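Since the structure is predicted, the reported quantities are computational estimates derived from the model, not experimental observations. FYI, the numbering just counts along the sequence from 1. Every number for a ligand or one of its atoms is a count from 1 in the order of the listing.
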Amino acid sequence: MDVSETVRRRGVMLVLAAPSGAGKSTIARRLLAEDPMIDLSISATTRQIRPSEREGVHYFFMDPEGFMKKRDEGAFLEWAEVHGNYYATPKAAVEQSLAAGRDVLFDIDVQGAEQLKQAMPGDVVGIFVLPPSMEALRARLLARAEDSKAAMEVRLKNATGEISHWRDYEYVVINDDLDDAYDLVRSILRAERAKRERETAIPRHVERLLGN
Ligand code: 5GP
């Protein structure tokens, strides 16, 4: 029986973090395409738009002045400087999804994940995606021909620092095989949903089962 008809569970805030090139975005895209209950949090950024990207789909692209104005108005749940650009999570869309009983996926860095946990304690589940090796990471970054060589080197250099934060996440997934890594992320999400139902929807269900 679907107990969600009677009591909504609280949505899971699923943070996928990883050094650039670990395969996080591919996993995220697949999850969003296959799971109708999860929404993507679309971040704001001051980074240059890439040729394959679209405004409002991949990011909300902003100039630094506009970004700082929004930040000062309290429109962001978290914000951080990553690889020399600013990134932030707009608050309103996340609140809307959670209020509708939906889950939200965040493709954000370690600083953002830490701030989200502080802003919404208990709702955030962090998964850190690790590459199988630094060689694999370099190869994946090279294959992404959209970034300049200099930008790629910055990302590779930052990867070491990012990887050192792996303990801050509830789960770690090594992306050796993309299908396996994806299956593991899906399983984690299913288990976390069940945990939320245990907190919110199941007590009512049990009351009914017992005839109270
Ligand atoms: P990219 O420029 O490759 O799209 O993203 C660079 C890094 O910024 C990635 O690690 C990505 O997860 C992170 N990032 C993207 N959006 C946000 C955000 O809203 N907040 C934070 N803190 N990091 C973000």
Side-chain angles (χ1 to χ4, degrees), residues 13-32 39-64 66-71 73-95 97-98 104-120 123-131 137-138 140-166 168-169 171-173 175 181 185:
M13 295 171 75
L14 189 71
V15 175
L16 268 187
S20 294
K24 169 183 67 172
S25 302
T26 314
I27 293 173
R29 261 200 307 278
R30 202 153 145 194
L31 194 60
L32 291 161
D39 297 330
L40 176 68
S41 164
I42 300 171
S43 300
T45 184
T46 59
R47 150 162 96 54
Q48 286 286 315
I49 189 165
R50 293 178 183 144
S52 63
E53 289 178 329
R54 274 189 294 145
E55 163 70 18
V57 175
H58 297 92
Y59 283 104
F60 297 106
F61 295 92
M62 307 179 84
D63 56 35
F67 184 97
M68 289 308 171
K69 186 161 174 283
K70 285 272 179 208
R71 183 199 66 173
E73 287 167 5
F76 298 147
L77 269 179
E78 61 78 31
W79 72 279
E81 188 179 342
V82 189
H83 312 310
N85 297 299
Y86 294 120
Y87 294 82
T89 301
K91 196 190 280 182
V94 174
E95 284 176 348
S97 293
L98 293 178
V104 185
L105 179 66
F106 300 85
D107 178 343
I108 62 178
D109 87 321
V110 291
Q111 312 167 70
E114 205 41 55
Q115 292 178 55
L116 264 198
K117 277 187 188 167
Q118 276 164 19
M120 322 278 278
D123 289 329
V124 180
V125 176
I127 304 180
F128 198 74
V129 183
L130 281 176
L137 193 69
R138 175 179 276 275
R140 284 181 199 168
L141 281 175
L142 273 173
R144 187 160 75 192
E146 288 195 296
D147 287 328
S148 69
K149 185 100 182 26
M152 193 207 90
E153 288 303 336
V154 171
R155 279 160 190 263
L156 204 57
K157 204 164 133 263
N158 289 348
T160 320
E162 286 165 350
I163 288 171
S164 69
H165 289 276
W166 69 275
D168 298 339
Y169 291 80
Y171 300 94
V172 175
V173 170
N175 183 11
V185 169

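Shown in contact with Gly112 at under 4.0 Å from a heavy atom are these atoms of ligand 1, numbered in order with element: 22 (N).
Ligand 1 has an N or O atom lying under 3.5 Å from an N or O atom of Tyr87, backbone or side chain. Checking only distances, Ala88 does come within under 3.5 Å of ligand 1, N or O to N or O. Between Ser43 and ligand 1, at least one pair of N/O atoms sits closer than 3.5 Å. Annotation: Arg50 places an N or O atom under 3.5 Å from an N or O atom of ligand 1; distance criterion only.
Within the 4.0 Å heavy-atom shell around ligand 1 one does not find Phe76. At least one heavy atom of Arg155 sits closer than 4.0 Å to an atom of ligand 1. Residue-ligand proximity: Lys24 is placed with a non-hydrogen atom under 4.0 Å from ligand 1. Using a 4.0 angstrom heavy-atom cutoff, Gln115 does not count as in contact with ligand 1.
For the residues Asp107, Ile42, Thr89, the heavy atom positioned nearest atom 15 (C) of ligand 1 is part of Asp107.
Under the 30°/60° scheme for interplanar angles, the aromatic rings of Phe67 and Tyr86 are found to lie parallel.
Cation-pi contact between Lys24 and Phe106: absent, since separation from the ring centre below 6.0 Å together with deviation from the ring axis within 45° is not met.
The one candidate from Glu114, Gln115, Glu78 that meets the side chain to side chain contact (heavy atoms under 4.5 Å, CB included) condition with Ile108 is Glu78.
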